[in-house]
Amino acid sequence: MKIHMMERFFLIIAAILVVLGAIAVGVSYWTFGVRLPGPVGRIDPALAAQTEPFDAPGLFQTGESQYEAVMLGSLWQWTPYAVGDGMTVPAGSTITFKLTSNNVIHGFMIRDTDINAMVIPGEVTQVTHTFDEPGEYLIICHEYCGLGHHQMFSKVVVTA
Ligand code: CUA
């Protein structure tokens, strides 16, 4: 089969780009530890507030510097950290956030961290971050979810 020179040229370019793309994905995964926040469980959104662990949301210490923060997104607050309320941990703490929504899609973003996830009704989203620097880290819903979207914020206070 005869392939035109220019066609061959662009086939080679396309093949190189595919290989470079695969290498970039591999390097970001293995070298930089980039992970997509993924669903770790399924839940009936209508029963979220009665289903473990969202029936008793809050911050729980699970190890020396390990915490689990269970938060339920609803219209329009993060339970139990509504309208600017927050959790307090010492610097160096690792918090694993377990999140779900009982109604619409919310966003979960923490300023000055790499946490940026969607919180989808019916799914449990899990993200983890280590807070090395003391300060106040604003948690915002960054997915427009209706009239009260702007008041859907909380915070992580990291003490020295
Ligand atoms: Cu929840 Cu915007």
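All residue numbers in this chain count up from 1 along the given sequence. Since the model is a prediction, treat every value here as computed from it, not as a measurement. One-based numbering, in listed order, for ligands and for the atoms of each.
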* Structure fact -> Across all chains, not counting sequence neighbours, the ring pair (Phe, Tyr, Trp, His ring centres under 6.0 Å) partners of H142 are none
* Side-chain donor-acceptor pair under 3.5 Å between T125 and E123, yes or no? -> no
* Asked: In the shown structure, where waters are left out, how many protein N, O or S atoms lie under 2.8 Å from atom 2 (Cu) of ligand 1?
  -> 4
* Looking at CD of E68 and OG1 of T94, how far apart are the two atoms once the value is rounded to the nearest 0.5 Å? -> 13.0 Å
* How many angstroms lie between atom NE2 of H150 and atom CH2 of W76, to the nearest 0.5 angstrom? -> 9.5 Å
* Asked: Taking C-beta and beyond as the side chain, do M87 and M71 meet within less than 4.5 Å on heavy atoms?
  -> yes
* Once the angle between the rings of F97 and F108 is folded into 0 to 90°, is it parallel (under 30°), tilted (30 to 60°) or perpendicular (over 60°)? -> tilted
